[in-house]
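Predicted model only: the values in this text are computed from it and were never measured.
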Amino acid sequence: MNFHSAAFLLEHSRREGGAVRPHINRRLLAALAPLAVGTVMALVPPPAGLPQYSWWYLSLFVTVIIGLITEPIPAAAIGFLGVTMAAVLGRFVLFSPAQLATTNTTSGAISWALSGFSNATVWLIFAAFVFSLGYEKTGLGKRLSLLLLSRLGGRTLTLGYAVMLADLILAPFMPSNTARSGGTIFPIIKNIPGFYQSLPNDPSSRRVGGFLMWTAIASTCVTSSMFVTALAPNVLAVELIRKTVHVDIAWMQWFLAFLPTGLVLLATTPLLAYRLYPPELKESPEVPTWARSELAAMGRLSGREITLLVLVLLALGLWIFATAIIDPTTVALLVVSLLVVTGTIGWSDVLEDKPAFNTLIWFGTLVPLASGLTQTGIIAWLAGLVGPALSTMTPLWGLVGLIVLFFLLHYLFASTTAHTTALLPLMLTVATGIPGIPPTTSALALALSLGIMGIITPYGTGPSPVYAGSGFLPGRDYWRLGAIFGAYFLIVFLLIGVPTLLYLT
């Protein structure tokens, strides 16, 4: 090796080291931050009223959540590690002293750790990814995307409003927002960014894709609050309200109570996304003409496209009209089976769908981690802590405090259904201790927030993991936007929704 070659390699090595070292340091800091916070929490004595094992579990849970934010390793791996450590430490973090005396902690811990994989929503999310694969393999997704682009592709903002409108049209008839947004809208719009050279897991993702994906998930959170029948936990909430405080809430009563808030949020959500997470490409007047020429070149629907279209319409029909007969997840699994049987997609295609399996593992581990907060009594302890404080406030501020607490506690849940089941009866009981608030007002105030609170985390509602795993919304961006939009949704609800409720009830 001559002198010049050695000097070149030395300089190259120095430059590479200079480029890599900050990256390694960032990863190290991202890994140390959650571990440091969790360790400090675990070493601090538990607060009054909370058992030691519950405090240790909360320390582990906080470690996982901070890890999901800093993301030193992929999110699914963090969830997997978190639930594994909870199972390993089961007798110290999952079971009370009384339970330790009567429970087989070994089998109990592993049963708890794997319980997320028997959750219906987890498999509905997985099926949504397979649906998306069908749109891609058959070309139907490309065709539908080109149709949309041929009409609205000249401006990126109008595409955002088109996505929101599509969700709004389906929302009153589809009680699963995972099926609606993750299984119906996402498979279509995921094809659009590629036409603008906007690719997933690439710097070009911000060109168009990031804006469209964020608009889609934010829109479905708004529509999920707008109709009783737009979100399965809404229907559950109505039943829990009837049993807990003996108040019956009608479909139209719910709709009118949220309508003023909903109109403001629907009108502003795509525009706010356009401002806060702007697409790099704002206008492309040549796209509609190009899209029409591409559609002409594609010709008529192929046999596989027709088969997929029939199966999708079958799923939509069963999701809309047959929820009392067949569960939405069962419908999704049936259609996935038919996709394979008819040869629309191959089984090898399903096995090679890494985003689907990655999300299955991620969400399947977050569900038990979140359920552990109820199992260890942390949720009840938190509610009992704030109940007396709320009862000393004026009726208006007591109601506001109740809504804010109910909303923010969703950071601890990986399922709106779990949030509703664990917290709604508890919060309704707390509300009865606030003088001057009619039960109907507090019940609607809590229930109407179930949809919009789903925006705050990448696991907050059923379709969230679908968009978080799309490759267009990096984890840090998702958490940042979730906090901003969550605050915006909550403020609009408090400023418009609460006065509407006080007027109507």
Side-chain angles (χ1 to χ4, degrees), residues 121 124-125 128 160-161 163-172 174-186 189 210-235 237 254-255 257-259 261-274 276-277 363 403-404 406-411 413-420 446-468 470 473 477-494 496-497:
T121 302
L124 185 53
I125 293 168
Y161 276 98
V163 170
M164 179 208 70
L165 184 61
D167 196 292
L168 179 64
I169 291 170
L170 292 173
M174 295 183 71
S176 169
N177 65 350
T178 309
R180 179 173 77 248
S181 188
T184 305
I185 292 174
F186 173 76
I189 67 169
F211 163 73
L212 283 181
M213 297 301 160
W214 185 256
T215 300
I217 184 59
S219 297
T220 204
C221 289
V222 175
T223 60
S224 293
S225 271
M226 200 158 190
F227 311 97
V228 171
T229 47
L231 183 69
N234 291 349
V235 182
W254 179 298
F255 174 68
F258 192 78
L259 183 60
T261 303
L263 290 176
V264 172
L265 293 181
L266 289 172
T268 57
T269 292
L271 183 60
L272 189 63
Y274 190 78
L276 296 181
Y277 204 57
F363 212 58
I403 296 168
V404 171
F406 189 63
F407 192 96
L408 293 180
L409 282 174
H410 195 57
Y411 273 105
F413 288 89
S415 160
T416 311
T417 301
H419 181 111
T420 306
L446 294 170
L448 290 174
S449 67
L450 289 171
I452 56 176
M453 67 175 60
I455 194 63
I456 61 178
T457 67
Y459 51 82
T461 190
S464 300
V466 176
Y467 291 98
S470 67
L473 293 170
D477 289 353
Y478 204 117
W479 282 97
R480 176 176 58 84
L481 290 168
I484 295 171
F485 275 73
Y488 175 66
F489 287 0
L490 180 58
I491 289 169
V492 172
F493 182 61
L494 293 175
I496 299 176

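Judged by distance alone, with hydrogens and angles left aside, the side-chain atoms of Tyr459 form a donor-acceptor pair with the main-chain N or O of Tyr411 at under 3.5 Å. Proximity of a side-chain donor or acceptor of Trp254 to a complementary backbone N or O of Ser225 within less than 3.5 Å is detected. The main-chain N or O of Ser181 is never found under 3.5 Å from a side-chain atom of Thr220 such that the two would form a donor-acceptor pair.
A distance of 9.5 Å separates OG1 of Thr461 from CG of Leu450, quoted to the nearest 0.5 Å. Here CG of Leu231 is found 8.5 Å from OG1 of Thr178. Values are rounded to the nearest 0.5 Å. Separating the OG1 atom in Thr261 from the CG atom in Leu448 is a distance of 8.0 Å, to the nearest 0.5 Å. The CE atom of Met453 lies 9.0 Å from the CG atom of Leu409; values are rounded to the nearest 0.5 Å. The CG atom of Leu494 sits 9.0 Å away from atom CZ of Phe407, with the distance rounded to the nearest 0.5 Å. If you take CZ on Arg180 and CG on Asp167, they are separated by 4.5 Å, rounding to the nearest 0.5 Å.
Minimum heavy-atom separation, Ser449 to Phe406: OG-CD2, 3.5 Å. Across all non-hydrogen atoms, the minimal contact from Leu259 to Met226 is CD1-CE, 3.5 Å. Between Gly451 and Ser224, the shortest heavy-atom contact is CA-CB, 3.8 Å.
In this structure, Ile189 and Met213 have side chains that are in contact, with non-hydrogen atoms separated by less than 4.5 Å.
Using bins of under 30°, 30° to 60° and over 60° for the plane-to-plane angle, the ring pair Phe255/Phe227 lands in the parallel bin. Ring planes of Phe413 and His410: parallel class, angle under 30° (limits at 30 and 60°).
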**OP:** Mind running side-chain contact (heavy atoms from CB on, under 4.5 Å) on Tyr274 and Thr215 for me, showing each step along the way?
**Re:** CA-CA 8 Å; Tyr274 190 78; Thr215 300; over 6 Å; no
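Donor-acceptor pairing under 3.5 Å is recorded for the side chains of Tyr488 and Thr268.
Taking the six-membered ring for Trp and the full ring otherwise, Trp214 and Tyr467 have centroids separated by 6.0 Å or more.
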